[in-house]
Amino acid sequence: MMMSPTCCFQSLFFTLLIVVQNRLTNGEAVISVCGTEEMCVTEKLCIDSDDSGRGLIGIRIARICGIGLVCCDREQLESWNATLTKSVGTTQRNSQTVNTTTTTEEPSGYESCGLNMECVPRKLCQDNVINDDGHFIVNPRIGETPCRRALDRCCAIDQQAPANESSYLSALGSFKYQGCGWSNPKGLIPDQDNYEYATDVSLFAEFPWMVALITGRNQYVCGGTLIHPQLVLTSAHNIKNHTVHTLVARAGEWDLNSLDEPHEHQARRIKQIIPHEEFDPEAFFNDIALVVLDEPVEIKPHIQPLCLPPPETPALLADLRKGQCYATGWGSRLPGSDRNERLLKRIDLPVVSRAECQAQLRVTRLGRRFRLRPSFICAGGIEGKDTCKGDGGSPLFCTLPGQSDRYQLAGIVSWGIECAKEDVPAVYANVPFLRTWIDEKVKSLGLKIDGP
């Protein structure tokens with residue numbers, strides 16, 4: 001009995017979906033996060049079949065279920081399949097159909113980058129034998145790695161290693177914690193890294209206290225700072241509409257849309273959220289909240305707390321203005337953009353004195369009577385450099401006096417009038433001013449924070 005073309009096409013379509021859904025690259029690269037009404041498919045297939053009209057919703061912080069895979073609505077896929085089925089027998093398959101069938105030609109799930117070469121997570125290339133010079137690469141692009149992902153490298157197929165045999169694991173076993181605030185100035189990729197990062201992108205684990213607060217459905221909410229294995233500081237305004245049931249904290253995060261980092265992030269549920277009692281949601285006074293994790297994170301090379309500053313004094317403020325300060329976050333890079341960044345940004349910013357900041361803000365729409373409250377601290381005012389939308393809750397930190405690679409927390413991204421505009425500083429929650437409140441809450445929890 002001969003089957004109809006339509007029947008065969010439907011069978012092939014769902015066979016391909018099952019192949020994609022069950023395609024495993026390694027045990028730690030695939031997570032079963034898709035709902036019962038979803039299927040795990042390639043990003044391109046989900047985008048091509050989209051019928052929601054969203055348009056503006058990006059995929060960089062969508063729920064991922066593997067390398068290059070996302071959770072996609074089952075009904076959407078079935079509708080798209082039905083549309084394609086109608087054209088079988090009257091037209092040739094379009095390029096979308098051709099692209100989906102290529103999954104059977106790549107059983108490993110990795111992108112080819114040459115003869116017997118594939119783009120794999122760097123940590124899975126055995127003995128770090130990696131081809132970054134363009135050899136055997138079709139249509140090489142000078143000055144660029146042939147692999148599109150920041151942590152993928154072109155690796156010979158016979159050099160690929162299982163996740164549990166990655167050479168990167170040795171760094172975890174030899175690590176010794178030396179105290180709060182130490183950065184990893186060269187990141188934690190031990191062999192030479194030829195990937196061309198943007199100038200404002202941090203290296204992996206360069207600042208190991210960075211935390212991403214996300215929803216249970218893997219949507220990015222805001223940044224945070226690890227100050228204790230069980231405590232995260234963030235902005236009150238970013239989480240005021242969330243509860244312990246809707247948030248998850250990720251420590252050791254770097255690429256929001258990948259699981260390919262050399263060391264895995266650690267996710268923790270939230271036990272308690274403690275916003276400042278005098279937080280003003282309209283004026284943003286005391287814009288700080290303490291997030292208590294249900295279990296402490298395990299301190300690793302890429303997961304370490306940041307030092308808290310002592311209570312505010314003129315001498316401390318002078319030290320902050322003299323120090324090298326950075327702000328980090330996954331917020332938008334461009335003013336007016338609603339798109340968060342995939343890789344953690346790093347922006348060097350000067351701390352601005354209270355008097356200077358108040359004077360500069362008074363010439364904005366705030367008006368000449370604006371008074372900068374003591375719970376605020378300012379930084380920036382440099383053309384083209386600033387924290388922007390999406391960076392809320394993330395840290396502003398400065399070097400400790402006399403040290404170059406050890407830092408203390410100065411502020412928490414709160415608000416601003418203009419983004420990346422000259423002589424218009426951004427405003428942060430003043431951590432030194434709020435240090436007494438932090439100490440009171442930490443003490444009430446029966447915990448203790450180590451100092452530098």
Side-chain angles (χ1 to χ4, degrees), residues 28-35 38 40 43 46 54 57-67 69-72 151 202 204-205 207-227 229-261 263-275 288-298 300 302-303 305 327-333 338-345 387-395 412-413:
E28 63 179 356
V30 178
I31 300 178
S32 298
V33 296
C34 298
E38 298 173 318
C40 185
E43 292 177 351
C46 195
R54 287 188 292 265
I57 298 176
I59 62 170
R60 62 187 59 191
I61 52 175
R63 285 186 304 141
I64 59 175
C65 50
I67 296 177
L69 306 177
V70 296
C71 295
C72 197
L151 288 173
S202 69
F204 170 70
F207 304 115
W209 43 81
M210 192 67 200
V211 174
L213 292 173
I214 63 173
T215 67
R217 295 187 65 82
N218 210 33
Q219 293 179 318
Y220 174 75
V221 176
C222 64
T225 308
L226 190 71
I227 61 170
Q230 203 171 353
L231 300 174
V232 174
L233 276 180
T234 189
S235 54
H237 83 267
N238 277 102
I239 59 172
K240 65 184 180 67
N241 294 324
H242 289 274
T243 71
V244 296
H245 304 295
T246 62
L247 284 180
V248 175
R250 279 188 188 171
E253 183 63 277
W254 181 69
D255 184 342
L256 289 179
N257 202 30
S258 173
L259 297 177
D260 296 339
E261 286 93 337
H263 307 309
E264 291 183 354
H265 67 253
Q266 296 179 27
R268 293 293 185 270
R269 294 184 181 276
I270 309 304
K271 179 179 180 180
Q272 187 177 1
I273 297 175
I274 308 175
I288 191 171
L290 190 64
V291 176
V292 185
L293 309 182
D294 66 344
E295 293 181 5
V297 296
E298 186 177 355
K300 298 281 188 178
H302 63 307
I303 302 175
T328 51
W330 287 281
S332 58
R333 176 177 278 113
D338 289 328
R339 281 187 170 273
N340 290 326
E341 289 300 309
R342 179 170 61 88
L343 303 180
L344 183 66
K345 300 195 317 295
T387 49
C388 293
K389 187 174 182 179
D391 286 320
S394 299
I412 300 170
V413 178

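Side chains included, hydrogens not; waters and symmetry mates left out as well; all remaining heavy atoms used. Residue numbers start at 1 and run along the sequence shown.
In terms of modelled atom types and a separation under 3.5 Å, the side chain of Y220 and the main chain of G331 share no donor-acceptor contact.
By the 4.5 Å heavy-atom criterion applied to side chains, I412 and P395 are not counted as neighbours. Within the 4.5 Å cutoff, the side chain of I273 has no heavy atoms near those of the T243 side chain. In this structure, the side chains of Q266 and I303 come closer than 4.5 Å at one or more pairs of heavy atoms. No side-chain heavy atom of I227 sits under 4.5 Å from any side-chain heavy atom of V232. Residues R339 and S332 are not in side-chain contact: their nearest non-hydrogen atoms beyond the backbone lie 4.5 Å or more apart. Here the side chains of L247 and V221 are in contact, with some heavy-atom distance below 4.5 Å. Using a 4.5 Å cut-off on side-chain heavy atoms (C-beta onward), D294 and I270 make no contact.
Here the shortest heavy-atom pairing between L293 and P229 reads CD1-O, 3.8 Å. Between T234 and G393 the shortest heavy-atom distance is OG1-CA, 3.4 Å. Closest approach of G329 and S394 over heavy atoms only: CA-OG, 3.7 Å. Nearest heavy atom pair, residue A212 against residue W330, reads CB-CZ3, 3.6 Å. The minimum heavy-atom distance linking I239 with A289 is given by the pair CD1-CB, 3.8 Å. Minimum interatomic distance between L259 and H265 (heavy atoms only, all atoms of both residues): CD2-CE1, 3.8 Å.
The disulfide bond (SG atoms under 2.5 Å apart) check on C222 picks up nothing, with sequence neighbours excluded. Applying the side-chain hydrogen bond (donor to acceptor under 3.5 Å, both in side chains) rule to R250 yields the partners N218, E253; only residues at least two apart in sequence or on another chain are considered.
Here the NE2-NE2 distance, from H302 to H263, works out to 6.5 Å after rounding to the nearest 0.5 Å. T246 OG1 to Q219 CD: the interatomic distance, rounded to the nearest 0.5 Å, is 11.0 Å. To the nearest 0.5 angstrom, L344 atom CG is 11.0 Å from F204 atom CZ. Once rounded to the nearest 0.5 Å, the distance linking OG1 of T215 with NE2 of H242 reads 7.5 Å. Distance NZ/K345 to OG/S202: 10.0 Å, rounded to 0.5 Å. Taking CE from M210 and OG1 from T328, the interatomic distance works out to 4.5 Å, rounded to the nearest 0.5 Å.
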Legend entry - Derivation and outcome, side chain to side chain contact (heavy atoms under 4.5 Å, CB included), residues L290 and L231: CA-CA 7 Å; L290 190 64; L231 300 174; 4.2 Å; yes

Inset, instruction - Could you give me the CA-CA distance, side-chain angles and deciding distance for S235 and N238, then say whether side chain to side chain donor-acceptor pair (under 3.5 Å) is met? - result: CA-CA 6 Å; S235 54; N238 277 102; 2.5 Å; yes

Inset, instruction - Could you give me the CA-CA distance, side-chain angles and deciding distance for V248 and L213, then say whether side chain to side chain contact (heavy atoms under 4.5 Å, CB included) is met? - result: CA-CA 6 Å; V248 175; L213 292 173; over 6 Å; no

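A salt bridge links D255 with R342: the distance from a Lys NZ or Arg NE/NH1/NH2 to an Asp or Glu carboxylate oxygen falls below 4.0 Å.
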